[in-house]
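Take a look at the structure set out below.
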Amino acid sequence: MTEVIQGVTGDPTVYVNGEFLPLSKASISVLDRGFIFGDGIYEVVPIYHGQPFRMQEHLERLDRSLSKLEITPPMDGQSRSDLVKQLIAKGSDKGCAMVYIQVTRGVAKRDHAFPVPPVKPTVFAMLAPMTPPGTEQRSNGLSAISIADDRWLHCDIKSVSLLGNVLAKQAAVKAGVDEVIQFRADYLTEGASCNIWVVKNGAVYAPPKDNLVLEGIRYGLFEELCREQGIAFHLSPIPRADVEVADELMLSSATREILPIVKLDHEDVGTGKPGPVYQQLRRAYDDRIAALASTGQPA
Ligand SMILES: Cc1ncc(COP(=O)(O)O)c(C=O)c1O
């Protein structure tokens, strides 16, 4: 088989509705509400040195997303973490990877309203390779453009209905930059698939954890790292004008970890180079990843 999951040749084992099977044999119904309506949620758990990173936090967010959609969790907490560990064990990649989990409302006659119970949620999960940011991105930083955030008002749900995010990312591709920074009514929200962090006078700022952003698992992690490093950390609404005069901008996500944004709308951010707060947090993040290898314990 040719490359079916990016970077994976062969026929990797995936999980569908209680069964582990080769990807070539995995299927779901065309009437699945995830396919028909985007009626489902997902999670991405990064794996380093064969160990999940912040798994509990990711699985708790999966539960919160399910609860917001009134989908009954199809697995209990232990089974979900066992699933992640089983996929890691079955995979050949013992380095960097990610476990992708998707849960939809299940298969039902096409009708917008929730189907009458009992309908079993569909669960799909796979291990996929993850390429962490390379030296070039870490040392030289990324570029971004600002765009209006025209997504819906439930961005706190990690929904598979990602059209707004897909269009936002495509706007970055068309502009020849790495990311977009979205603003709603001239206030910072987030990137197309990442959170955005603003540094001013040595302190780190991010938008509040409300319905306008996805609360990245790095929100909690950055708060911890900032406390540990003696860096002031604030969540508050951030007007566009403050972003434009930031000393540093950073993005974060499970797969891109933490990266500096050094150009916004073709202008330098601060000095136009990755700044000291980024460097400090980057080292602290790397230490957490390294700790997974030495302790084998969740970081
Ligand atoms: C829209 C959006 N915001 C923020 C994030 C960052 O979340 P996390 O740090 O949990 O990966 C993501 C990650 O995919 C995202 O898609």
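Atoms within each ligand, like the ligands themselves, are counted from 1 in listed order. As the structure is a prediction and not an experimental result, all values here were calculated from the model.
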Practice task
Please indicate whether any nitrogen or oxygen in Glu190 is less than 3.5 Å from any nitrogen or oxygen in ligand 1.
Solution key: yes

Practice task
Begin from the C-alpha positions of Phe222 and Phe233 and carry the test ring-ring contact (aromatic ring centres under 6.0 Å, His included) through to its verdict.
Solution key: CA-CA 8 Å; Phe222 278 23; Phe233 177 92; 7.9 Å; no

Handout entry: Residues Glu224 and Arg288 bridged, charged N to O under 4.0 Å
Key = yes

Exercise for the section: Measure the distance from atom 16 (O) of ligand 1 to every protein heavy atom, then report the residue, atom name and distance (to 0.1 Å) of the closest one. Expected result: Ser193 CA, 3.3 Å

Exercise for the section: Return yes or no for this condition: an N or O of Gly216 is under 3.5 Å from an N or O of ligand 1. Expected result: no

Practice task
Look at ligand 1 and say whether Pro46 reaches it with a heavy atom at a distance under 4.0 Å.
Solution key: no

Handout entry: Ser252 N/O under 3.5 Å from ligand 1 N/O
Key = no

Problem - ring-ring contact (aromatic ring centres under 6.0 Å, His included) evaluation trace for Tyr285 with Phe53 - result: CA-CA 11 Å; Tyr285 201 110; Phe53 186 62; 5.7 Å; yes

Exercise for the section: Considering heavy atoms of the protein only, find what lies nearest to atom 9 (O) of ligand 1 and give residue, atom and distance to 0.1 Å. Expected result: Arg218 NE, 2.7 Å

Exercise for the section: Salt-bridge test for Asp178 and Arg256: reply yes if a basic N is under 4.0 Å from a carboxylate O, no otherwise. Expected result: no

Exercise for the section: Report yes if Glu215 has an N/O atom closer than 3.5 Å to an N/O atom of ligand 1; otherwise report no. Expected result: no

Completion exercise
Counting heavy atoms under 4.0 Å, the part of Asn165 that contacts ligand 1 is side chain

Practice task
For Ala192, counting its heavy atoms only, list the atoms of ligand 1 lying under 4.0 Å from any of them.
Solution key: 1 (C)

Completion exercise
atom 6 (C) of ligand 1: closest protein heavy atom, distance to 0.1 Å, is Asn195 OD1, 3.5 Å

Handout entry: Side-chain donor/acceptor of Glu190 to backbone N/O of Leu214, under 3.5 Å
Key = yes

Handout entry: ligand 1 N/O within reach of Ala254 N/O, cut-off under 3.5 Å
Key = yes

Problem - Pair Lys169 + Glu179: basic N to acidic O under 4.0 Å - result: yes

Problem - Check ion pair Asp76-Arg80 (N to O, under 4.0 angstrom) - result: no

Fill in the blank from the handout: The answer for which part of Cys155 has a heavy atom under 4.0 Å from ligand 1 is neither

Problem - Salt-bridge criterion met for Lys158 and Glu43 (N-O under 4.0 Å) - result: no

Exercise for the section: Quick one: look up the protein heavy atom nearest atom 14 (O) of ligand 1 and list residue, atom name and how far away it is. Expected result: Lys158 NZ, 3.1 Å

Exercise for the section: Would you mind checking if Lys200 and Asp242 are paired as a salt bridge, meaning a charged N to carboxylate O distance below 4.0 Å? Expected result: no

Exercise for the section: Taking the side chain as every heavy atom from C-beta outward, state whether Leu127 and Gln86 have any atom pair closer than 4.5 Å. Expected result: no

Problem - Close-contact set for ligand 1 against Ile217 heavy atoms, below 4.0 Å - result: 8 (P), 9 (O), 10 (O)

Practice task
Show which atoms of ligand 1 fall inside a sub-4.0 Å distance from at least one heavy-atom site of Arg61.
Solution key: 7 (O), 8 (P), 10 (O)

